[in-house]
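Read the structure below first, then the notes.
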Amino acid sequence: MKLVFWLLDINPKIDGKSVELWLWGIDSDGKRVLVVERNFVAYFYALLAGGVDASKVTENIMNDYGSSIASAEIVERRFFGKPVTAIKVSCRVATETGEIAERLRSVQGVADCLEDDIRAAMRYLLDNNLSPCGWHECHVESEDKTPEVRVNKVYVAKSPPKRLENVAVPDLRVMAFSTIYYSREGTPKSDRNPVLLLSTVDSNGEEKQLTAETGPDDKPVIEAFIQYVTEFDPDIIVSFGANSVHWTYLRGRSHTLGLHLDFDRAKLEPHTSMYGHVSLTGIVNLDLSDFMDVFPEVKVQTLWNLAYHLGVYKERQTIVEDVLFADYWDDIEKRDELKSFGLDSARKVYGSAVLLLDFATQLSGLTMLPLDQVLTAATGFRIEWFLIKQAQKDGELIPRRTEQIYAPYAGGLVLSPKPGLHENIAVLDFKSMYPNLMITYNLSPDTYIEPGRPEPPSGVYVAPEVGHRFRKSPPGFYKEALTYLINVRSEIRQEMSSLNPKSVEFRMLDARQKAVKIITNAAYGYAGWVGARWYIKPVAEAASAWGRYTIQKAMDMAKEAGVEVVYGDTDSLFIQYREAQAHALQENVKHQLKLDVEIGEVYQRIFFTEAKKRYAGLRADGSLDIVGLEVIRGDWAEVAKRVQQHILEIILKDQSPKKAIDYVRQTVADLKHRKLPFSDFVIWKTLTKSPEDYAIKAPHVQAAKMLKEKGWRLRGGDKVGYVVLSGKGRLYSRVKPHVFADIKDVDVDYYISNQVLPAAARILLFFNVTKGQLEKQTAETKENRSLMDYV
DNA sequence: GCATACGGAGTACCA
DNA sequence: ACTGGTACTCCGTATGCG
């Protein structure tokens with residue numbers, strides 16, 4: 001019979017020597033199904049050394065290892081663009097692939113073995129052109145002897161599934177949860193600290209709070225959780241932080257209580273899997289904290305900040321810090337507040353998930369990575385899987401990931417800005433510059449001509465400065481991949497333009513074009529990544545060299561046309577805008593450099609300091625575009641950022657330094673009287689490693705160590721919020737984690753002289769502030785450092 | 001003995 | 001755990017002045 005199903009997840013099922021592939025899905029009737037593939041054959045390629053007799057080597061291999069090998073077939077492939085002969089070795093026992101490959105590496109005539117490191121599930125998806133989060137059609141038979149799995153129906157595949165074009169997504173059962181643990185000893189540990197509260201929100205609109213009202217016994221909480229999950233039978237479980245904390249915690253806690261957290265569709269417990277994520281068999285485990293790299297503008301990565309950024313809620317709400325959970329629980333008057341915070345958190349998880357699921361689904365389909373891996377996989381791996389698909393189409397063998405020597409190379413060209421205010425400035429932007437350069441000059445691992453090698457008949461593009469050569473044709477697989485991506489994106493955007501932005505189709509397409517964009521933009525970075533399978537430094541080096549050439553040429557052309565350039569960075573030029581002239585330049589550049597250039601933002605007014613990568617522009621619609629300055633940095637106190645923001649507004653709109661100074665004076669006065677919220681004083685910084693690994697004493701490291709002393713575990717990647725307190729000595733000796741500090745101990749003078757005034761002076765330095773105004777300022781701040789010191 | 005200079009560590013940003 | 005270019009703060013020691 002024929003089965004049509006949407007592929008939710010795939011996992012290998014290893015039973016002794018047999019490897020089955022389990023394909024979890026949803027059929028066209030909405031039934032949850034498992035399709036078991038029993039005909040998977042693992043294989044790899046033995047790459048032959050030059051000049052050897054392929055059939056002889058094959059014969060030798062079969063003689064010596066025939067008992068482990070199902071078949072050995074001589075095939076023609078390519079490796080880094082060069083034609084190669086290889087033996088495709090299929091293994092009798094899938095789990096022995098790596099071992100056999102390792103042995104064959106030392107066989108006479110075998111140069112190397114490749115693709116033995118492609119795991120079964122990915123191999124299967126790749127070879128059959130399947131796509132997670134996509135519809136497929138498959139000949140199946142019903143399975144009589146149903147394995148112990150929780151689905152409506154189990155089938156056995158009679159042939160590999162075929163992908164269908166349908167892009168719709170079935171109705172998925174989604175469940176979100178949040179946790180609250182009880183600990184008076186810092187970071188909760190599952191062997192001693194109970195789960196006070198589990199809050200859930202699901203796609204049926206049901207909200208639940210599972211709690212241990214009566215005391216420390218949380219066994220009923222976890223039992224109820226297991227029961228609820230089993231009954232609801234979610235396709236996707238969403239959380240914030242489950243990959244790093246909650247699954248391990250809940251599993252550990254279950255064991256402490258003599259329970260098993262075996263609610264997934266194979267009745268197994270959560271287990272760690274690829275790319276540092278936790279797997280739930282047959283259920284997608286989605287951790288929203290893995291989305292954070294998609295939103296770098298959210299500086300302190302918390303659930304609540306993410307949800308706020310996404311517009312899940314509008315009014316800022318009071319958050320209960322985890323440090324205070326135990327206090328809230330023990331205080332009967334505050335316990336309800338904690339409970340509603342827990343439920344609210346689950347709502348935020350669910351609300352955010354609804355908005356992010358389309359994007360994740362599309363990224364999964366594009367990269368071939370299953371939905372629960374695509375977000376935990378780093379950028380490099382996402383693009384790599386996309387490229388692997390393209391390479392396979394071209395007959396390119398997939399290189400192994402090998403240890404490479406890191407060697408930096410020159411990047412983009414950055415021009416020094418002309419400091420001060422400018423009127424009417426347009427940004428001339430090269431659209432998707434690096435991808436387009438790679439397309440235009442056919443930059444790819446398989447088109448690179450090594451020094452000393454003869455020039456191919458098609459001729460070569462020679463990169464400026466660095467001299468790397470790339471054949472002009474045929475196109476490399478980067479060119480093909482990028483051309484596809486860029487075309488697809490513009491088709492999608494075209495299609496979107498005729499749709500209602502509120503329609504489901506529009507939402508889907510928008511998610512897809514965002515996913516495509518992410519992959520497109522990462523291609524250049526991937527090329528220069530030492531960890532890349534296809535790492536060839538000259539590819540990245542040539543791209544950046546062509547980039548510098550391009551921007552330099554465009555600058556020369558601007559000069560020739562009498563257009564003043566005030567700034568530029570990598571792929572953009574900021575020019576004095578006169579409409580006809582600018583458009584003429586745009587056309588000229590487009591034509592001569594064969595790259596797409598657009599006139600982007602036209603600023604009414606723009607302000608540059610002497611520093612590169614830092615400016616503020618006033619857009620035509622009156623909004624500010626602030627780049628690089630303290631305002632948009634996550635490691636400055638809120639009060640300093642707000643002051644700078646207002647100053648920029650005053651300077652760009654009113655052009656009144658006097659007003660700006662008055663504003664600074666007012667804030668300094670407020671600071672002196674502590675008439676500002678405590679959150680204004682918190683400085684957030686990221687730990688790049690565990691606090692004890694630091695060689696130096698830095699303020700945020702000291703604050704982290706204080707948290708650690710109270711039992712709170714902090715690791716690399718964690719953000720520490722601290723405030724500076726009054727006192728003597730080094731800065732690091734008088735900081736405190738914000739959760740333990742009080743506004744009355746804050747050193748307001750530090751915030752005036754090291755936060756607010758420097759941020760203000762960064763801008764005001766460029767305006768003639770009269771002596772009188774400055775003296776007034778000095779008088780106000782008395783012995784503190786005044787603006788004068790900075791001017 | 002003290003203030004200042006300066007390189008390095010650390011962080012975060014832009015493209 | 002995708003690249004290089006850049007700015008900036010704070011630490012900690014070297015340096016120079018009185």
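Within every chain, numbering begins at 1; the chains are lettered A, B, ... in the order of the sequence lines, protein sequences first and strands thereafter. Fair warning: this is a prediction, and the values are worked out from it, not measured in the lab.
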Please classify the nucleic acid contact of [X] as base, sugar-phosphate, or nothing, using heavy-atom distances under 4.0 Å.
X: A:Tyr615; answer: sugar-phosphate
X: A:Tyr750; answer: sugar-phosphate
X: A:Arg382; answer: nothing
X: A:Ala522; answer: base
X: A:Thr688; answer: sugar-phosphate
X: A:Lys719; answer: sugar-phosphate
X: A:Arg762; answer: sugar-phosphate
X: A:Ala410; answer: sugar-phosphate
X: A:Tyr434; answer: nothing
X: A:Ile632; answer: sugar-phosphate

Rounding to 10°, can you tell me the angle the first-five-pair axis of the helix from B:dG1-C:dC17 to B:dA15-C:dT3 makes with its last-five-pair axis?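 Here the helix ends are tilted 20° relative to one another.
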
With a 4.0 Å cut-off on N to O distance, would you call A:Glu450 and A:Arg469 a salt bridge?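 Salt bridge absent between A:Glu450 and A:Arg469.
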
SB check A:Arg533 A:Asp117 (cutoff 4.0 Å):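 Salt bridge present between A:Arg533 and A:Asp117.
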
Rounded to the Å, how far apart are A:Asp569 CG and C:dG5 P?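 One finds 11 Å between P of C:dG5 and CG of A:Asp569, rounded.
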
Counting heavy atoms from C-beta on, name the nucleotide in C:dC11, C:dC10, C:dT9 closest to the side chain of A:Asn754.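 Taking heavy atoms from C-beta onward, the closest nucleotide is C:dC10.
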
Nearest-nucleotide pick for A:His700, side chain only, options being B:dT11, C:dC2, B:dA15: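 Nearest to the side chain of A:His700 among the choices is B:dT11.
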
Full working for side-chain hydrogen bond (donor to acceptor under 3.5 Å, both in side chains) between A:Asn442 and A:Tyr461: CA-CA 8 Å; A:Asn442 202 20; A:Tyr461 293 111; over 6 Å; no

Taking everything shown except A:Lys517 itself, do over 12 heavy atoms lie less than 6.0 Å from its NZ?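 Counting neighbours around NZ of A:Lys517, 12 or fewer heavy atoms of other residues, nucleotides or ligands fall under 6.0 Å, so no.
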
Between [Y] and [X], do the side chains contain a donor N or O and an acceptor N or O under 3.5 Å apart?
X: A:Gln645; Y: A:Glu649; value: yes
X: A:Tyr567; Y: A:Ser572; value: no
X: A:Asp596; Y: A:Asn436; value: no

Which residue lies toward the 5' end of DNA chain C, A:Trp636 or A:Gly411, if each is placed at its nearest nucleotide?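 So the residue in question is A:Gly411.
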
[X] side chain near [N] phosphate (N/O to OP1/OP2, under 4.0 Å):
X: A:Tyr535; N: C:dT3; result: no
X: A:Arg730; N: C:dC10; result: no
X: A:Lys613; N: C:dC8; result: no
X: A:Tyr406; N: C:dG4; result: yes

